[in-house]
Protein chains: 2
Amino acid sequence: MKKPHDKTTRMTQALRDGGVRVTRQREALLKVLTEAADHPDAAELHRRAKGIDDTVSLATVYRTLTVLEREGVVHRHSFESGGARFEVADPVHHDHIVDLDTGQITEFRNDKIEELQRLIAAEMGYEIVHHRLELYCRKLG
Amino acid sequence: MKKPHDKTTRMTQALRDGGVRVTRQREALLKVLTEAADHPDAAELHRRAKGIDDTVSLATVYRTLTVLEREGVVHRHSFESGGARFEVADPVHHDHIVDLDTGQITEFRNDKIEELQRLIAAEMGYEIVHHRLELYCRKLG
DNA sequence: GTACTTGCAAAATATTTGCAGTCTC
DNA sequence: GAGACTGCAAATATTTTGCAAGTAC
């Protein structure tokens, strides 16, 4: 079993390789991100990061998230309400189901849908750069 | 061929039936919405509505859009960047392709994808209330 | 006439940025 | 040591709201 630490180390290395400096604040944020099982927003990430390093400011959280997104380390989502929410980039793309009652977010992946999207785009002369599929749902029964 | 006017008349009637008052400002906004071929944001709708009735304020545009959305007359979309964008509710659901270079939005619909979504949600014990599928694309070669 | 609507300006939210000091590589 | 990064506070951008006046039904 891989410890979160390993993941963080790998990420910081990837950042350094990309010419990005790894500061105390960025390490804290990376730790928070890798340990997050949910999809926190910037304010929540700030709250959690301050628990590790009290000097992390909200501005730095935003700036760092922008960098991490550019480096391909995190993904930014904008669900229907509220601000952007973030998660560590998964090598395998996935989509989201949002529980309208609890707000809980579940991930899923379906190759057939992915393929159909490609076909539809191609038919209209387009190549997909990225996409969003979100199902806003309610529990059955 | 139906004139936009007919559509607007039908919409105002639907609103009145729903106990919503149809004011001068709301009529202007409805006209702008039915005539829009694109997916304007609130500021753009405001600009266009003022062309019909100079008294329409931005606050009213926002308030009216909220009412129209609640009444099921318009749909609100939040694409990746910028504020919300609106369109008259289409009786048949459709998804969107966003051209990353031009910002142009194209609509499409695919029953197979719709069905797959339903199946995926059901498998996880969910019923879809609504969904979003957006393909961010670039023109092919 | 009553309750819903409106315009205006101020407030609330979410995110970005200028600047002077700090720290990574 | 150079340039990237940071905190803070002020600035943006978008949307919402309190209030007094206006208007649809």
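A, B, ... follow the sequence lines: proteins, then strands. Residue 1 opens every chain.
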> How would you list all residue pairs meeting salt bridge (Lys or Arg N to Asp or Glu O under 4.0 Å) that involve residues 128-141 of chain A, not counting sequence neighbours?
Replying inline: Asp101(A)-Arg138(A), Arg132(A)-Glu134(A), Arg132(A)-Glu134(B), Glu134(A)-Arg132(B)
>> Rounded to whole Å, how long is the line connecting atom CG of Leu15(A) with atom C1' of dA4(D)?
In response: 14 Å
>> Counting only side-chain heavy atoms from C-beta out, which of dC8(C), dT6(D), dT15(D) sits nearest to Ser57(B)?
In response: dC8(C)
> Could you state the CD-C1' distance from Glu69(B) to dT16(D), rounded to the nearest angstrom?
Replying inline: 15 Å
> Hey, is the side chain of Tyr62(A) poking within less than 4.0 Å of OP1 or OP2 on dT16(C), counting only N and O atoms?
Replying inline: no
> Any Lys/Arg nitrogen of Arg48(B) or Asp38(B) sitting under 4.0 Å from an Asp/Glu carboxylate oxygen of the other?
Replying inline: yes
>> Output the rounded distance in Å from NE2 (His46(B)) to P (dT14(D)).
In response: 14 Å
>> Any side-chain N or O of Arg26(A) below 4.0 angstrom from OP1/OP2 of dT6(D)?
In response: yes
>> Please enumerate all residues that pass side chain to side chain contact (heavy atoms under 4.5 Å, CB included) together with Gln104(B), with sequence neighbours excluded.
In response: Tyr126(A), Asp99(B), Thr102(B), Thr106(B)
>> Can you measure Phe86(B) atom CZ to dT14(D) atom P for me and round it to whole angstrom units?
In response: 12 Å
> How many Å lie between CZ on Arg70(B) and P on dC4(C), as a whole number?
Replying inline: 11 Å
> Starting at CG of Leu29(B) and ending at P of dT6(C), how long is that distance when rounded to a whole Å?
Replying inline: 10 Å
> Would you say the side-chain atoms of Asp17(B) and Gln13(B) include a donor-acceptor pair closer than 3.5 Å?
Replying inline: yes
> Could you give all pairs that pass the side-chain hydrogen bond (donor to acceptor under 3.5 Å, both in side chains) test and reach residues 59-68 of chain B, with sequence neighbours left out?
Replying inline: Ser57(B)-Thr60(B)
> For Leu58(B) and dA12(C), what is the distance between atoms CG and C1' respectively, to the nearest whole Å?
Replying inline: 15 Å
>> Quick test of your reading: applying salt bridge (Lys or Arg N to Asp or Glu O under 4.0 Å), list the pairs with at least one residue in residues 76-94 of chain B, sequence neighbours left out, ordered by first then second residue.
In response: Glu69(B)-Arg76(B)
> Which letters describe nucleotides 18-25 of chain C, given B = protein heavy atom under 4.0 Å from base, S = only from sugar-phosphate, - = neither?
Replying inline: B-----BS
> Do any pairs count as a ring pair (Phe, Tyr, Trp, His ring centres under 6.0 Å) and have a residue in residues 96-124 of chain B, sequence neighbours left out, and if so which ones?
Replying inline: His39(B)-His96(B), His77(B)-His96(B), Phe79(B)-His96(B), His94(B)-His96(B)
> When the distance from CG of Leu65(A) to C1' of dA14(C) is rounded to whole Å, what number comes out?
Replying inline: 13 Å
> Want to settle it: does Gly19(A) or Arg76(B) sit nearer the 5' end of DNA chain D, counting the closest nucleotide to each?
Replying inline: Gly19(A)
> Using a cut-off of 4.0 Å on non-hydrogen atoms, how would the nucleic acid contact of Ala43(B) be classed: base, sugar-phosphate, or nothing?
Replying inline: nothing
